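Taking it in order: structure first as structure tokens, then the write-up.
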2 protein chains.
Amino acid sequence: MARPSQIRPQLDALLRSHHEPHAWTLEELRQALARLGIHSNFSSIFRSARQAVDQGQWQPVMLGDGKTRFEWSGHHHDHLFCQSCGTLEAVPCKLAQSLHHRMEQQTGYRIHSHSMVWEGTCPRCVRKRSCRKPALPTHKTDLC
Amino acid sequence: MARPSQIRPQLDALLRSHHEPHAWTLEELRQALARLGIHSNFSSIFRSARQAVDQGQWQPVMLGDGKTRFEWSGHHHDHLFCQSCGTLEAVPCKLAQSLHHRMEQQTGYRIHSHSMVWEGTCPRCVRKRSCRKPALPTHKTDLC
DNA sequence: TTGGGTGCAAATGTTTTGCAGCGAT
DNA sequence: ATCGCTGCAAAACATTTGCACCCAA
């Protein structure tokens, strides 16, 4: 009964696309929209995101750098983070998914979703230096 | 070669204890210390935490409410969150642990750690109301 | 004397809200 | 007219840093 959202459909399209990044910060979404010629406000993106999460269409992803990222719920995946070079990869969550049933049995919970982040050293870094002090992700780390 | 930390040992003791909460926010740590008669500053707690994480003794835990929590690395566990009543439980991470090897094989990563949060409905809530709209965790949610 | 630990205040960065105006229904 | 969507500014929060001082080695 009121003005339909001008930006929400565009945001949905971004999250549904299979392009990088696979999980978007609010600021990344705003910039991506701007590149499409749609200049909007951070607050508007924020409110669209909250609504989308409430409606179950988006899923928040916390990677530990202080910024909340969002992904299309249907594209849910786990994350692989290289502590050495900061690379962040999306991996299918088949493995974690395979635990749902057992986890439900063991805990009595009815499980709706999960979020999982693996941290370690990527193949490239493993090859370069046989071993090095892992840089734990902090809020100032550059992810994505 | 300088003054030994007055609070770090106390903080370590808190995290090593098996009492609630199982994962502490900086503010919770400060308050717990205060209850022990040790009044300190938030910044000092923060710096102790950063150092402890750098040294690998503490592990940051992100639950999605905007606050970073910390647990003793040796006590690592996964989390179960009831979207209906907000209960947060710690569960052994044996199941997730069992995936390490396969995940390493499939990705070529050398995995050092993981973090996992299961979200769903706890047995009590499942019993009470057969079904209800799940309240997605937001930053304003009261966890722990 | 030195160098890390501590407290206090201020800066940063991100998230959240208040409010006025807009516009499709 | 109504009611949700927007933009702008400010507030609210959590994290982080600068700086002066303290104190055991």
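All values derive from a computational prediction rather than experimental measurement. In what follows, chains are A, B, ... by sequence order, proteins preceding strands, each numbered from 1.
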Which whole-number value in Å describes the distance from Arg30(A) CZ to dG7(D) P? 11 Å
Please tell me which of the listed nucleotides, dG5(C), dT15(D), dT16(C), lies nearest to the side chain of Arg50(A)? dT16(C)
Could you state the atom-to-atom distance from CE of Met62(A) to C1' of dA14(D) in whole Å? 11 Å
Closest listed nucleotide, where the reference is the side chain of Pro4(B) and the choices are dT15(D), dC5(D), dA24(D): dA24(D)
When you check the phosphate oxygens OP1 and OP2 of dT14(C), does a side-chain N or O of Thr25(A) lie under 4.0 Å from one of them? no
Would you kindly check whether a donor in the side chain of Arg47(A) faces an acceptor in the base of dG4(D), or vice versa, at under 3.5 angstrom? no
Quick one: does Ser73(A)'s side chain have a donor or acceptor within less than 3.5 Å of a partner on Gly56(A)'s backbone? yes
Lys67(A) side chain, from C-beta outward: closest of dT14(C), dT17(D), dC5(D): dT14(C)
Looking across every strand, which nucleic acid part, if any, lies under 4.0 Å from Arg8(B) by heavy atom: base, sugar-phosphate, or nothing? nothing
Between atom CD in Gln51(B) and atom P in dT16(D), what is the gap in whole Å? 15 Å
Which nucleotide sits closest to the side chain of Arg3(B): dT15(C), dC22(D), dG18(C)? dC22(D)
Please tell me if Ser44(B) has a side-chain N or O lying less than 4.0 Å from either OP1 or OP2 of dG5(C). no
dT6(C) OP1/OP2 closer than 4.0 Å to side-chain N/O of Ser5(B): yes
Without decimals, in angstroms, what is the distance between Glu28(B) CD and dC13(D) P? 16 Å
For the backbone of Pro4(B) and the side chain of Gln6(B), can you confirm whether one donor and one acceptor N or O come within less than 3.5 Å of each other? yes
Please report the distance, rounded to the nearest Å, between CD1 in Ile7(A) and C1' in dG7(D). 10 Å
Under 3.5 Å, is there a donor on one side chain and an acceptor on the other for Asp12(A) and Trp72(A)? no
Would you kindly give the CD-to-P distance between Gln6(A) and dC3(D), to the nearest whole Å? 20 Å
Test your reading of the model: is there a side-chain donor-acceptor pair from Glu119(B) to the backbone of His112(A), 3.5 Å cut-off? no
Overall bend of the helix from dT1(C)-dA25(D) to dT25(C)-dA1(D) (five pairs an end, 10° steps) is 20°
Is it the case that one hydrophobic cluster holds both Tyr109(A) and Val91(B), taking links as side-chain heavy atoms less than 4.5 Å apart, direct or via other members? yes
Going by heavy atoms closer than 4.0 Å, what residues in residues 36-43 of chain B are next to DNA chain C? His39(B), Ser40(B), Asn41(B), Ser43(B)
Passes side chain to side chain contact (heavy atoms under 4.5 Å, CB included), Leu14(A) versus Leu33(A)? Steps please. CA-CA 9 Å; Leu14(A) 281 175; Leu33(A) 240 54; 3.6 Å; yes
Is Asp54(A) salt-bridged to Arg50(A), cutoff N-O under 4.0 Å? no
Separation of dA12(D) P from Phe46(A) CZ (nearest whole Å): 15 Å
By ring-ring contact (aromatic ring centres under 6.0 Å, His included) - contacts of Trp118(B) (at least two apart): His100(A), His114(A)
What is the distance, to the nearest angstrom, from the CG atom on Asp65(A) to the P atom on dA14(D)? 17 Å
Is it true that His79(A) and His77(A) have ring centroids separated by less than 6.0 Å? yes
Cluster link Trp58(B) to Trp24(B), ILVMFWY, side chain under 4.5 Å: yes
